[in-house]
Amino acid sequence: MESRDSVIAALQSLPAQVREVDFRQRGYHLEVWLEPERLRPFAELLRGGDFYLSFVSGLHVKPALEVSYQFANHAFACRILARVIVDAEHSLPTISDIFQGADWHERETKDFFGVVFRGHPNLKPLLLAEDMEDLKPLLKKDERLKDRAAVTRAEADVAEKTPAPAGGEEGA
């Protein structure tokens with residue numbers, strides 16, 4: 001691939017939805033929507049076209065979960081944002097064997113969003129403790145958890161406003 005036009009033609013052959021966008025507004029040149037089963041062929045195509053992986057991250061958009069991948073090219077100005085809607089089992093195929101840098105990005109996305117990257121050789125927690133595996137801090141929580149969090153925050157506010165006992169620290 002020698003130009004953005006050749007990248008667009010190659011991506012459309014996958015097939016993939018490809019759209020040019022204004023780099024000054026978006027920070028990338030091409031937006032690509034992929035079906036989960038097209039992710040690996042897409043990554044292999046970019047790897048062969050002298051692209052590198054910039055980042056992988058998740059985004060919880062009700063009712064779905066989306067994983068975004070951003071790639072850039074070494075030879076010419078072309079940044080690609082690829083978006084994949086995660087399947088019902090919250091899993092996608094790994095691309096860590098195609099782009100080594102995806103290893104940590106995929107582990108972080110699993111920590112924070114719960115996406116399982118099938119075939120990943122080392123999908124253990126990266127940032128969270130192993131006993132926090134069910135936490136998924138960046139997923140939108142259901143209403144019960146929001147209510148519980150609001151009560152906990154209200155309790156913290158009350159504790160914050162309660163004056164400390166006279167005489168300094170406890171046990172002094």
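The minimum heavy-atom distance linking P93 with R118 is given by the pair CD-NH2, 3.3 Å. Annotation for H120 and N122: closest pair ND1-N, 2.9 Å, computed over non-hydrogen atoms. In this structure, I85 and P36 approach most closely via the heavy-atom pair O-CG, 3.4 Å. Contact detail for L34 and A16: the closest heavy-atom pair is CD2-CB, 3.6 Å. In plain terms, the two heavy atoms of L39 and Y69 that are nearest each other are CD2-OH, 3.2 Å. Counting all heavy atoms, side chain and backbone alike, F117 lies closest to E106 at CE1-O, 3.3 Å.
Both L92 and I98 are members of a single hydrophobic cluster when ILVMFWY side chains are connected at heavy-atom separations under 4.5 Å. Follow the hydrophobic side-chain contacts under 4.5 Å out from L14 and you reach I95 in the same cluster. A continuous path of hydrophobic side-chain contacts links V86 to F113 [ILVMFWY only; heavy atoms under 4.5 Å]. In the hydrophobic clustering of this structure, V115 does not group with L81; members are Ile, Leu, Val, Met, Phe, Trp, Tyr whose side-chain heavy atoms approach within less than 4.5 Å, directly or through other members.
Within a 6.0 Å radius of CD in E37, more than 12 heavy atoms belonging to other residues, nucleotides or ligands are found. The neighbour count for Q100 CD, taken as heavy atoms of other residues, nucleotides or ligands under 6.0 Å away, does not exceed 12.
For the atom pair W104 CH2 and T109 OG1, the distance stands at 14.0 Å (nearest 0.5 Å). To the nearest 0.5 Å, atoms SG (C78) and CG (L46) are separated by 8.5 Å. Annotation: the span from L53 atom CG to R47 atom CZ amounts to 10.0 Å, rounded to 0.5 Å. Between the CD atom in E108 and the OG atom in S57 there is a gap of 6.5 Å [rounded to 0.5 Å].
Side-chain polar atoms of S68 and E66 form a donor-acceptor pair below 3.5 angstrom.
Each of H29, R26, R79 was compared with V21 under the side chain to side chain contact (heavy atoms under 4.5 Å, CB included) criterion, and only R26 meets it.
The residues D97 and R40 are annotated as salt-bridged, a charged nitrogen and a carboxylate oxygen being separated by less than 4.0 angstrom.
Of the possible polar contacts, one joining the N73 side chain to the G49 backbone as a donor-acceptor pair under 3.5 Å is found. The backbone N or O of F76 sits nowhere less than 3.5 Å from a side-chain atom of R4 that would complete a donor-acceptor pair.
V116 is listed as a side-chain neighbour of K110, based on a closest heavy-atom distance under 4.5 Å. Taking the side chain as every heavy atom from C-beta outward, F51 and V7 approach each other to under 4.5 Å. By the 4.5 Å heavy-atom criterion applied to side chains, T94 and L123 are not counted as neighbours.
Taking the ring centroids of F55 and H105, they lie at or beyond the 6.0 Å cut-off.
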Exercise for review: Begin from the C-alpha positions of L30 and E20 and carry the test side-chain contact (heavy atoms from CB on, under 4.5 Å) through to its verdict.
Suggested key: CA-CA 5 Å; L30 301 175; E20 286 190 82; 3.4 Å; yes
Point to revise | Worked verdict on V32 versus F71 for side-chain contact (heavy atoms from CB on, under 4.5 Å) | key: CA-CA 11 Å; V32 179; F71 297 88; over 6 Å; no
Practice item. Dump the intermediate steps for side-chain contact (heavy atoms from CB on, under 4.5 Å) on V84 and F42, then the final yes or no. Key: CA-CA 11 Å; V84 183; F42 167 79; over 6 Å; no
